[in-house]
Amino acid sequence: TSQSDIAIQLASNNLAIGFSSNSIAVRLKNPGCKIVPLEVTLSRPIYYVTHKDMLNYPTIHSFTDFIKDRFQPDKPINDLRISLFTSYNKQERIYLWGIIMIKTLFKHISKYYKDTFVLAIAGVAVGVLVGLVDAAFGLGLNACTAIRTKYFWYLIWFLPLGGVFIWFIYHQFGKSVANGMKMVFHVGLGKNTKLPIRMVPLSVIGTWTTHLFGGSAGREGVAVQIGAAVSNNIGRLVDKTIDIENSRKMFLITGMAAGFSGLFCTPLAAIFFALEVLVAGKLEYHALIPATVASISAAFTSRTLGLRKFHINILETLNYHPSTYNAVLLLKLATMGLVFGIVGSLFALILRYLRLKFAFRFSSPVKKVLIMGSVVAVLMMIFHQGRYSGTGSNLVALCFDGITDDIYAYDWILKMALTILTLSSGFIGGEVAPLFSIGSCLGYVLGPVFGFDPMFGAALGFASVFCSGSNT
């Protein structure tokens, strides 16, 4: 009776159990079992619980015979002689229970968690490979930013030609991957199955070119493409040997988490970004474990290779306690959130509109990038000589340096306009980093209007505009 839990495990694996108590047998009985009282050498009946399909089984004299028949272990159990109806020592009982429980455990894992286990192992490989590429990309991007900052007036004149170069390499080597993130989403939504690996070098070179010559763009779009392309190709190799349910989407999410984490070194944010980015408001929980493994592996790899995340300590600038919360405070925060949401949505809508507008307006992509690249270059020179070039991390840093004169009220709208013009003209880069700077500058301006510290408003805008603009 003290081992009824083990008895249930045995019964669930088609093993016969003998009991001297009918009440216990009744409790263990299920629709697939029958209770058969047996009179044997003992003076009292034994209630024998077994599955229906075992009723015609030859007379069982010991568990040993039954185990050998059912499990057929590689090494026969010769010395184990445990009778159903006679006493047996403790060592033999532990040995038997161990065999049965291990078999049950591996059977359960193989049936329900095999795919997850394989994906987790693959996630390590994806994370390490993506972390290597992200580190090279990130360090190269930092070098491009440093060179542009030092020689801005020499390089900005070549921004239109840089755009032509980007068009040329895609035209010659990557027509099929020119859509970038659109291809990634098509694979995630089942409209396509393959992401060519040449997407990685093309997106890296294109982004370096944009940043080197003074365009306003981000970097995470490239990182996500790197992760998606690498994991998609690894997934196709795995699919040749192991059949995994919904593997294409699982590997895609895993790769996107690794790409985001490897570049920004923020594994937790990367996990939730990848789980939700394909369909707004829906988290792909089935990919949580491989995405977590890949995200942590990528962040560790890139940081080991010298890539450092951009971070600012704002703990000492926020002084709000839950005891000070009231309806007015919450209403102010909700109103600011509404403004941030509108700005983020406008960014996404205007960018989509101008991309389509320019595609129809200009007969040739070369003409488009030359003309619009020249417009962006002139605007960059007019408005504070490169203040709005690159990712905008310089603006984010200014929002939190404690000097009130560093941020202008129009910084957020100029950064937003120049980023939209850069990306819709044919240059390569991401949108997330600019959204961070747009939100920070806007929050820095809105904070005092609602009675908050400017840096508190900047912190709210940093997160909120990104959430709205990226739908995550």
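For reference, positions follow the sequence shown, starting with 1.
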Quick check against the 3.5 Å criterion: does [X] have a side-chain atom that pairs as donor or acceptor with the backbone of [Y]?
{"X": "Asn233", "Y": "Pro196", "value": "no"}
{"X": "Thr292", "Y": "Leu288", "value": "yes"}
{"X": "Ser437", "Y": "Pro434", "value": "yes"}
{"X": "His211", "Y": "Gly218", "value": "yes"}
{"X": "Ser464", "Y": "Gly461", "value": "no"}
{"X": "Ser302", "Y": "Ala299", "value": "yes"}
{"X": "Ser364", "Y": "Val366", "value": "yes"}

Tell me whether the count of non-hydrogen atoms from other residues, nucleotides or ligands lying under 6.0 Å of [atom1] in [X] goes above 12.
{"X": "Phe158", "atom1": "CZ", "result": "no"}
{"X": "Ile169", "atom1": "CD1", "result": "yes"}
{"X": "Arg361", "atom1": "CZ", "result": "no"}
{"X": "Phe362", "atom1": "CZ", "result": "yes"}

Given Ile420, Thr210, Thr422, Leu379, the one that forms side chain to side chain contact (heavy atoms under 4.5 Å, CB included) with Ser216: Thr422

Measuring only between side-chain heavy atoms, which start at C-beta, is [X] closer than 4.5 Å to [Y]?
{"X": "Ile428", "Y": "Trp208", "value": "no"}
{"X": "Phe340", "Y": "Leu446", "value": "yes"}
{"X": "Leu129", "Y": "Ile234", "value": "yes"}
{"X": "Leu354", "Y": "Leu423", "value": "no"}
{"X": "Leu414", "Y": "Arg387", "value": "no"}
{"X": "Trp167", "Y": "Lys368", "value": "no"}
{"X": "Tyr444", "Y": "Leu398", "value": "no"}
{"X": "Lys357", "Y": "Ser424", "value": "no"}

If you look at every heavy atom in [X] and [Y], which pair is closest and at what distance?
{"X": "Cys441", "Y": "Ile407", "value": "SG-CD1, 4.3 Å"}
{"X": "Val396", "Y": "Ser440", "value": "CG2-OG, 4.0 Å"}
{"X": "Leu263", "Y": "Gly138", "value": "CD1-CA, 3.8 Å"}
{"X": "Gly390", "Y": "Lys415", "value": "O-NZ, 2.8 Å"}
{"X": "Phe400", "Y": "Met455", "value": "CE2-O, 3.4 Å"}
{"X": "Gly215", "Y": "Met380", "value": "C-CE, 4.3 Å"}

Report the distance from atom [atom1] of [X] to atom [atom2] of [Y], rounding to the nearest 0.5 Å.
{"X": "Leu333", "Y": "Phe456", "atom1": "CG", "atom2": "CZ", "answer": "5.5 Å"}
{"X": "Tyr388", "Y": "Leu421", "atom1": "OH", "atom2": "CG", "answer": "14.0 Å"}
{"X": "Thr391", "Y": "Leu435", "atom1": "OG1", "atom2": "CG", "answer": "12.0 Å"}
{"X": "Phe251", "Y": "Leu195", "atom1": "CZ", "atom2": "CG", "answer": "13.5 Å"}
{"X": "Met381", "Y": "Trp157", "atom1": "CE", "atom2": "CH2", "answer": "4.0 Å"}
{"X": "Gln225", "Y": "Leu202", "atom1": "CD", "atom2": "CG", "answer": "10.0 Å"}

Both conditions, 6.0 Å and 45 degrees, for the charged tip of Arg219 above the ring of Phe264: are they met here? yes

Residue pair Ile147, Leu212: steps toward the side chain to side chain contact (heavy atoms under 4.5 Å, CB included) verdict: CA-CA 7 Å; Ile147 294 171; Leu212 178 64; 3.9 Å; yes

Applying side chain to side chain contact (heavy atoms under 4.5 Å, CB included) to Asn142 and Leu307, what does each step give before you reach the verdict? CA-CA 9 Å; Asn142 291 341; Leu307 189 63; 4.1 Å; yes

Check the pair Leu329 / Phe452 against side chain to side chain contact (heavy atoms under 4.5 Å, CB included), numbers first and verdict last. CA-CA 10 Å; Leu329 174 63; Phe452 297 125; 3.2 Å; yes

Report the C-alpha separation of Phe436 and Val432 in whole Å, then their side-chain angles, then the decisive distance to 0.1 Å, and conclude whether the side chain to side chain contact (heavy atoms under 4.5 Å, CB included) test is met. CA-CA 6 Å; Phe436 287 150; Val432 168; 3.5 Å; yes

Before you tell me yes or no, could you show the steps for Tyr408 and Tyr410 under ring pair (Phe, Tyr, Trp, His ring centres under 6.0 Å), namely the whole-Å CA-CA distance, both residues' side-chain angles and the distance that decides it to 0.1 Å? CA-CA 5 Å; Tyr408 306 124; Tyr410 51 79; 5.4 Å; yes

